[in-house]
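Report on the structure given below.
Owing to the predicted nature of the structure, the values given are computational and were not obtained by experimental measurement. Order of the sequence lines fixes the chain letters, A, B, ..., with proteins taken first and strands second; residue numbering starts at 1 for each chain.
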Amino acid sequence: MQLTRLEIKGFKSFGDKVTINFNEGVTAIVGPNGCGKSNIIDAMRWVLGEQSTKALRSEKMENIIFNGTKNRKQAQLAEVSLSFDNTKNILPTAYSQVTVTRKLYRNGDSEYRLNDVQCRLKDITDLFLDTGIGSDSYSIIELKMVDEIITNKEHSRRSLFEEAS
Amino acid sequence: MQLTRLEIKGFKSFGDKVTINFNEGVTAIVGPNGCGKSNIIDAMRWVLGEQSTKALRSEKMENIIFNGTKNRKQAQLAEVSLSFDNTKNILPTAYSQVTVTRKLYRNGDSEYRLNDVQCRLKDITDLFLDTGIGSDSYSIIELKMVDEIITNKEHSRRSLFEEAS
Amino acid sequence: AKDKFMEAFTQARSHFIVVFRSLFNEEDSCDLILSDVNNPLEADIDIVARPKGKRPLSINQLSGGEKTLTATALLFSLYLLKPAPFCIFDEVDAPLDDTNIDKFNNIIRKFSDQSQFIIVSHNKRTIASTDIIYGVTMVEQGVSRVVAVDLREVAA
Amino acid sequence: AKDKFMEAFTQARSHFIVVFRSLFNEEDSCDLILSDVNNPLEADIDIVARPKGKRPLSINQLSGGEKTLTATALLFSLYLLKPAPFCIFDEVDAPLDDTNIDKFNNIIRKFSDQSQFIIVSHNKRTIASTDIIYGVTMVEQGVSRVVAVDLREVAA
Ligand SMILES: Nc1ncnc2c1ncn2[C@@H]1O[C@H](COP(=O)(O)OP(=O)(O)OP(=O)(O)O)[C@@H](O)[C@H]1O
Ligand SMILES: Nc1ncnc2c1ncn2[C@@H]1O[C@H](COP(=O)(O)OP(=O)(O)OP(=O)(O)O)[C@@H](O)[C@H]1O
Ligand SMILES: [Mg+2]
Ligand SMILES: [Mg+2]
């Protein structure tokens, strides 16, 4: 299973729609402080079902919607789509291309879609069960996690082991 | 008031005595991971009266004594001395050169010295009161502290303000 | 469930020893130990890490870079247990010196034929070791855009 | 005591605005605010930081590098209130990009005629901006030694 494409619009600092195509191998994401690199990672967590506002550096979920700037109005909708090539059928679905979409409207309405068909959040998290991807996985690593592993904060080592077993 | 010299022996990774002379301006401390740079900073905290084993990355105070290696026996004594030029009389003492020394023996005995005369820990912390130096000061900064300031962990911002007022 | 966990733990432990030694030195000792072997589903998982002949009394005593490499070794040993299709590292190389950055990137290179790796970094050595680079910019204040970057421009 | 604190707070606040603008941009807005002006000895000290026209809903939303610069601005504003004879930074530049590393080192240079600065760093730009360099090594496993380093060797 490979990532093929990530589309972000209205999520955090992505006032305009941004598309990133992924290839095989090692991709670097670079740029100055504050330009949006970690926001891209947050977008991937969010579309895969992250529900912890803390993990998204936000006080409430509404705060992940583009907040506007001096010269731009805030967005009313945050939308992220992540597409996969599923030709090895690792994801439990017949489709060879899978696109996961998550939307959040400023009025609080939420929408989840699988290949553009509306579904529940559970359908998305079930899809990635047992693949090593998902909001608690060991596949998105930041320095804060290094510290949690070393101090074993809140039994983090055990939850990582259980995730991988 | 200027730092003039730091002497470390038997403290953490300093199996042999090490002397660092300080000059005016900006001094860099460089070297590969794990070589002992942060240990030098820990030695300065410790000789200025740090009592928090957590701040010294240790489970108990005895652990700051050189623990030996495959080829060397552990030390029985950790000793750090920090010398200052006090010609502007910022430190409340008549001396123009001030040397602070702290010793810890493996049997638990402790010794504090001011210009080689034995004293109490309190005499050392009193000396630095109101100078901005000391174990709770804002003058020794690491990334963990940046995080504590941003999250305001345990009212860290207030304690820093009170330290500086 | 107990057997399943013990089997996973045993495999992860042997992966950990191999990965740790490739990030540190071949003769370094390390281990993963269950604090209570009779109660594997509840026990704490202890990490023993002894790089370069050192005998730290706990992993808390290790340096910033040593802790980062040790945690990375643990994460890769879990990865080898159940490889995720992609792995993302957000500035995990920041505490590492040049030698360790190379080791870190080499191990990512090694696993990159099995999984995609996405690396966020400010470090030129790390960036130079990747296959494709996306640059994120904010030409308009507060609004992020992404462009593919030519590696030759980064090296300049 | 209340008046003494309010006076210190007011001065620190004006230092913060100046330092923040030298680390970010001259037109950026920022502030330090007491959560309860009537109870200054108990109130929380809130930080408002708005770099480059952004309007973050809290400082938690800022990036790793932006948080580091904001916290550094706060620490320097306290330093300006009561200058410590020496300041030590242990790898505080690790999350910063090249431009911000230069700003960080320039502000240290500016204050270095008043105080001694000791900077632990892996970053070549930072190291190149200092006056004297001490290299720490472990030629014998597990035993640290210190040598003065010639800047020309580091640049090589
Ligand atoms: N909802 C939002 N609307 C607009 N901007 C936002 C929103 N949430 C976060 N931001 C902005 O995104 C920026 C942070 O971006 P991000 O964390 O991705 O930076 P980064 O590229 O990872 O930088 P660094 O190298 O410092 O880690 C902040 O300046 C913040 O104000
Ligand atoms: N009591 C002790 N006896 C012997 N060695 C010790 C003792 N305490 C700590 N050490 C060793 O010191 C090393 C850590 O040193 P330090 O934290 O100073 O590294 P550093 O130079 O700051 O590295 P980094 O760049 O990774 O931060 C560890 O490997 C640890 O085992
Ligand atoms: Mg970031
Ligand atoms: Mg260190």
Side-chain angles (χ1 to χ4, degrees), chain B residues 1-3 8 12-16 18-41 44 66-72 84 90 130-133 137-143 145-147 149-152 155 157-158 160-165, chain D residues 4-5 7-9 12 43-45 47 59-60 62 67-68 70-72 74-75 78-79 81-92 94-95 105 108-109 112-113 115-122 126-127 129-138 140-146 149 154:
Chain B
M1 170 165 64
Q2 274 197 30
L3 292 173
I8 312 174
K12 293 209 170 189
S13 55
F14 296 93
D16 290 334
V18 153
T19 301
I20 299 174
N21 295 305
F22 291 109
N23 300 298
E24 293 180 345
V26 190
T27 300
I29 297 182
V30 308
N33 292 127
C35 68
K37 307 177 295 295
S38 299
N39 289 349
I40 290 172
I41 310 310
M44 294 179 73
F66 176 69
N67 192 37
T69 66
K70 287 201 321 230
N71 303 321
R72 274 216 197 202
F84 295 85
I90 291 178
D130 235 34
T131 54
I133 311 168
S137 78
Y138 46 87
S139 59
I140 299 183
I141 302 152
E142 49 180 349
L143 279 175
M145 200 167 160
V146 165
D147 192 59
I149 290 171
I150 296 297
T151 56
N152 202 14
H155 306 292
R157 290 176 202 170
R158 170 150 300 273
L160 286 170
F161 258 84
E162 290 175 351
E163 189 73 27
S165 336
Chain D
K4 183 161 175 288
F5 181 85
E7 184 184 344
F9 181 83
D44 275 337
I45 298 157
I47 302 174
I59 58 167
N60 192 24
L62 292 180
K67 285 171 175 170
T68 299
T70 301
T72 299
L74 180 65
L75 288 163
L78 295 177
Y79 166 84
L81 207 53
K82 185 161 84 180
F86 64 84
C87 295
I88 303 177
F89 287 89
D90 192 344
E91 291 192 36
V92 175
N105 290 317
I108 284 172
R109 171 62 48 199
S112 66
D113 49 6
S115 304
Q116 284 165 305
F117 281 84
I118 297 165
I119 313 288
V120 179
S121 178
H122 289 293
T126 294
I127 296 166
S129 72
T130 59
D131 301 320
I132 185 165
I133 301 172
Y134 281 104
V136 188
T137 62
M138 274 188 172
E140 177 185 347
Q141 278 193 347
V143 180
S144 297
R145 326 206 86 188
V146 180
V149 174
V154 173

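- Here the closest non-hydrogen pair linking B:V146 and D:A71 is CG1-CB, 3.8 Å.
- When each of D:A84, D:A12, D:A94 is scored by its heavy-atom pairs under 4.5 Å with chain B, the top score falls to D:A84.
- In this view, B:Q2 and B:E24 satisfy the side chain to side chain donor-acceptor pair (under 3.5 Å) rule, not counting sequence neighbours.
- For the pair D:Y134 (side chain) and B:N21 (backbone), a donor-acceptor distance under 3.5 Å is present.
- The shortest heavy-atom contact between D:P85 and B:I133 is CG-CD1, 3.3 Å.
- A distance-only check finds no donor-acceptor pair linking the side chain of D:R109 to the backbone of B:G25 [under 3.5 Å].
- Of all heavy-atom pairs spanning B:I150 and D:I59, the tightest one is O-CD1, 3.6 Å.
- Proximity to chain B involves both the backbone and the side chain of D:I45, based on heavy atoms less than 4.5 angstrom apart.
- In terms of heavy-atom proximity, D:V143 sits nearest to B:G15 at CG1-N, 4.0 Å.
- D:S121 touches chain B through its backbone: at least one of N, CA, C or O sits under 4.5 Å from a heavy atom, while the side chain does not.
- For the atom pair D:I119 CD1 and B:I29 CD1, the distance stands at 9.5 Å (nearest 0.5 Å).
- Of all the listed residues (B:I20, B:I41, B:T131), the one sharing the greatest number of non-hydrogen pairs under 4.5 Å with chain D is B:I20.
- Looking at B:F84, only its side chain comes within 4.5 Å of chain D, counting heavy atoms on both sides.
- Residues D:L74 and B:Y138 have side chains not in contact (no heavy-atom distance under 4.5 Å, counting atoms from C-beta outward).
- Between D:Q116 and B:N23 there is no side-chain heavy-atom pair separated by less than 4.5 Å.
- Ranked by heavy-atom pairs under 4.5 Å with chain D, the list B:G132, B:G31, B:A164 is led by B:A164.
- Between chain B and the residues D:K4, D:Q141, D:H122, D:R145, the largest count of heavy-atom pairs under 4.5 Å involves D:H122.
- The residue among B:V18, B:L143, B:T69 with the most heavy atom pairs within less than 4.5 Å of chain D is B:L143.
- Residue B:S139 holds its OG atom at 5.5 Å from CZ of D:F86, rounded to the nearest 0.5 Å.
- The two residues D:M138 and B:S13 have their closest heavy-atom pair at CE-CB, 3.6 Å.
- For B:K70, the part lying under 4.5 angstrom from a heavy atom of chain D is the side chain only.
- Using a 4.5 Å heavy-atom cutoff, the side chains of B:I40 and D:I118 are not in contact.
- Interface residue D:K67: backbone and side-chain heavy atoms are both found under 4.5 Å from chain B.
- The side-chain heavy atoms of B:L160 and D:L75, taken from C-beta on, include a pair separated by under 4.5 Å.
- Contacts with chain B were tallied for D:T126, D:N105, D:I47; D:I47 has the most, counting heavy-atom pairs under 4.5 Å.
- The nearest pair of heavy atoms linking B:G36 to D:S144 is CA-OG, 3.8 Å.
- Between D:F5 and B:F161, the ring planes are tilted. Angles from 30° to 60° get that label.
- Once rounded to the nearest 0.5 Å, the distance linking OG1 of D:T68 with CG of B:D147 reads 9.0 Å.
- A search for salt bridge (charged side-chain N to carboxylate O under 4.0 Å, His left out) contacts involving B:D130 returns D:K82, not counting sequence neighbours.
- At a 4.5 Å heavy-atom cutoff, D:E7 makes no contact with chain B through either its backbone or its side chain.
- Summarising the geometry, atom NZ belonging to B:K37 is positioned 5.5 Å from atom CD belonging to D:E91; distances are rounded to the nearest 0.5 Å.
- Two residues are said to be in side-chain contact when any heavy atoms from C-beta on lie closer than 4.5 Å; B:R157 and D:D44 fail this criterion.
- Interface residue B:N33: backbone and side-chain heavy atoms are both found under 4.5 Å from chain D.
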